[in-house]
Participant: 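The structure is given below, and queries will be raised subsequently.
Numbers restart at 1 for each chain; the letters A, B, ... are given by sequence-line order, proteins then strands.
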There are 2 protein chains.
Amino acid sequence: MSIIRKTKSVRLILSAFNDNKDAISIVELINKFNKKMNKTTVYRVLERLEKSSILHSFVGKDGLKRYAKGGKNSNSKKILNSHPHFLCEDCGTSSCIPIDIIIPSIPNYTIKTSEHLLIGQCKNCLS
Amino acid sequence: MSIIRKTKSVRLILSAFNDNKDAISIVELINKFNKKMNKTTVYRVLERLEKSSILHSFVGKDGLKRYAKGGKNSNSKKILNSHPHFLCEDCGTSSCIPIDIIIPSIPNYTIKTSEHLLIGQCKNCLS
DNA sequence: ATCTTATTGCAATTTAGTTGCATTTATATA
DNA sequence: TATATAAATGCAACTAAATTGCAATAAGAT
């Protein structure tokens, strides 16, 4: 009994992430696949893919939840090295930046996960 | 013609931030002041206070927008040293953590602002 | 005191996200 | 291959956060 089944919906959504290395918002996916599957299915497939560490999610400054390839804390132990997401103010695209952000440990707080959002202009919009 | 007027609503909302050094979600403020002002007013007062650099905002992992005292980039030049917000998974409170996070500059990207969310357990919930 | 315009309240609306339930489908097993 | 079963889906209704238009009100400059 595998936890995740390779259904048509799963394959379609995964293909979207293979075509596009950027983070994708749920809303974009719902629109992209509005003929192929129900919006509830999009939400639920993404949930499963996140639980399976195939995708990870974060909430952008616009309040929209986005997903991107890869599990949240790829190499476990050092939880506090996590990489940031970039959101372009001009074109709205967001991408994962392959840079580690190091967070010092904080007395009296236990940090389980962290999210980092960088906001500015991307290479395409800098011209 | 000053841009922001010191109305009763503005004073009430500012007092909430003076009583509480933590970040406060819009929803909390709407509930807190549901007898004193309309929820639309809460949204609009907060917008103005952010534009005036009296408050700054971020969106938590729960998708709720929160505000906290202080402009976004208090001491300008070194934009990339910004301090994180902490969100407690257990009790839901969030606070500003007085720690600087240093982000290396990234080729081809211009970073204007950044947001850092640390998720885990706060001191009260660790017992 | 008056005028100008920022601000507010209210109701309607939009939109992201959730839930319950009946139906369908993937896949393990006989 | 056929069948059983639990996962996955579609649909419709729903919740809640946030937005909008407009008329009424109030701050503060003159």
Side-chain angles (χ1 to χ4, degrees), chain A residues 1-17 23-68 85 87 92 94 115 117, chain B residues 1-17 23-68 85 87 89 92-94 115 117:
Chain A
M1 248 151 282
S2 67
I3 288 175
I4 190 164
R5 292 184 178 177
K6 284 178 188 167
T7 65
K8 198 168 67 173
S9 306
V10 167
R11 268 188 283 263
L12 278 171
I13 286 186
L14 281 180
S15 76
F17 285 95
I24 312 176
S25 70
I26 299 180
V27 174
E28 286 174 272
L29 290 167
I30 289 172
N31 291 333
K32 176 164 190 167
F33 294 122
N34 62 22
K35 302 293 178 193
K36 306 274 189 175
M37 73 187 81
N38 190 273
K39 76 171 179 174
T40 310
T41 302
V42 176
Y43 280 102
R44 295 199 272 221
V45 167
L46 291 170
E47 256 175 28
R48 274 179 275 143
L49 291 173
E50 182 168 30
K51 268 188 192 153
S52 311
S53 295
I54 296 166
L55 300 179
H56 67 280
S57 71
F58 63 99
V59 178
K61 185 159 179 58
D62 54 11
L64 294 187
K65 196 169 184 179
R66 289 162 200 275
Y67 284 86
H85 296 274
L87 177 62
S94 61
E115 307 199 349
L117 189 61
Chain B
M1 249 152 282
S2 66
I3 287 176
I4 190 166
R5 292 183 179 178
K6 285 181 188 166
T7 65
K8 197 169 65 171
S9 306
V10 168
R11 268 189 283 264
L12 277 171
I13 286 187
L14 282 179
S15 76
F17 285 95
I24 312 178
S25 70
I26 299 181
V27 173
E28 287 175 272
L29 290 168
I30 288 172
N31 291 331
K32 177 165 189 165
F33 293 121
N34 62 21
K35 302 293 180 193
K36 307 274 188 174
M37 74 188 79
N38 190 272
K39 74 174 179 172
T40 309
T41 302
V42 175
Y43 281 102
R44 295 198 271 220
V45 167
L46 290 170
E47 256 175 29
R48 273 179 274 142
L49 291 174
E50 182 168 30
K51 265 187 195 153
S52 311
S53 295
I54 297 167
L55 299 179
H56 68 280
S57 71
F58 64 98
V59 177
K61 186 159 181 56
D62 55 9
L64 294 186
K65 196 168 185 180
R66 289 160 199 275
Y67 284 85
H85 296 276
L87 177 61
E89 282 188 324
T93 59
S94 61
E115 306 199 349
L117 189 61

Participant: Measure CG/Leu12(B) against P/dT7(C) and give the value in whole Å, please.
Facilitator: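 Atom-to-atom, Leu12(B) to dT7(C), this comes out as 16 Å.
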
Participant: Calculate the interatomic distance between Glu28(B) atom CD and dA16(D) atom P; express it in whole Å.
Facilitator: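 Spelled out: CD on Glu28(B) to P on dA16(D) is 16 Å.
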
Participant: Using whole Å, what does the distance between atom P of nucleotide dA6(C) and atom NZ of Lys51(B) come to?
Facilitator: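 Those two atoms, NZ and P, are 12 Å apart.
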
Participant: Between protein and nucleotides 8-17 of chain C, map the contacts as a letter string: B base, S sugar-phosphate only, - none, heavy atoms under 4.0 Å, written 5' to 3'.
Facilitator: BBBB----SB

Participant: Quick one: are Val10(A) and Arg5(A) in side-chain contact, heavy atoms under 4.5 Å?
Facilitator: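 SC-SC contact between Val10(A) and Arg5(A) ruled out.
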
Participant: If you round to the nearest 0.5 Å, how far is CG of Leu49(A) from CD1 of Ile4(A)?
Facilitator: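 Output value for this atom pair is 4.5 Å.
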
Participant: Using five base pairs at each end, measure the axis-to-axis angle across the helix from dA1(C)-dT30(D) to dA30(C)-dT1(D) and round it to 10 degrees.
Facilitator: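 Answer rounded to 10°: the end axes differ by 40°.
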
Participant: Please report the distance, rounded to the nearest Å, between CZ in Arg11(A) and C1' in dT25(C).
Facilitator: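 That distance rounds to 12 Å.
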
Participant: Judged by atom type as modelled, is there a donor-acceptor pair below 3.5 Å linking the side chain of Glu50(B) to the main-chain atoms of Ser57(B)?
Facilitator: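 It does hold such a pair.
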
Participant: When rounded to the nearest 0.5 angstrom, what distance separates CG in Leu87(A) from CD in Glu115(B)?
Facilitator: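 Between Leu87(A) CG and Glu115(B) CD, I get 9.5 Å after rounding to 0.5 Å.
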
Participant: Do Leu55(B) and Phe17(B) have side chains that get closer than 4.5 Å, going by heavy atoms?
Facilitator: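 In short, these two side chains touch, coming nearer than 4.5 Å.
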
Participant: Below 30° counts as parallel, above 60° as perpendicular, anything between as tilted: where do the rings of His56(B) and His85(B) land?
Facilitator: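 Tilted: the ring planes of His56(B) and His85(B) meet at 30° to 60°.
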
Participant: Hey, could you give me each pair passing side chain to side chain donor-acceptor pair (under 3.5 Å) that has a residue in residues 33-43 of chain A? Not counting sequence neighbours.
Facilitator: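 Sorted pair list: Asn38(A)-Thr40(A).
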
Participant: Are Leu46(A) and Lys65(A) close enough that some pair of their side-chain heavy atoms sits under 4.5 Å apart?
Facilitator: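 Leu46(A) vs Lys65(A): side chains apart.
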
Participant: Given atom NZ of Lys6(B) and atom P of dG28(D), what is their separation to the nearest angstrom?
Facilitator: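 Spelled out: NZ on Lys6(B) to P on dG28(D) is 8 Å.
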
Participant: Atom CG of Leu49(A) to atom P of dA7(D): distance rounded to whole Å?
Facilitator: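 Answer to the nearest Å: 16 Å.
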
Participant: Distance check needed: dT18(C) P versus Glu47(A) CD, whole Å only.
Facilitator: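 My rounded result for the distance is 7 Å.
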
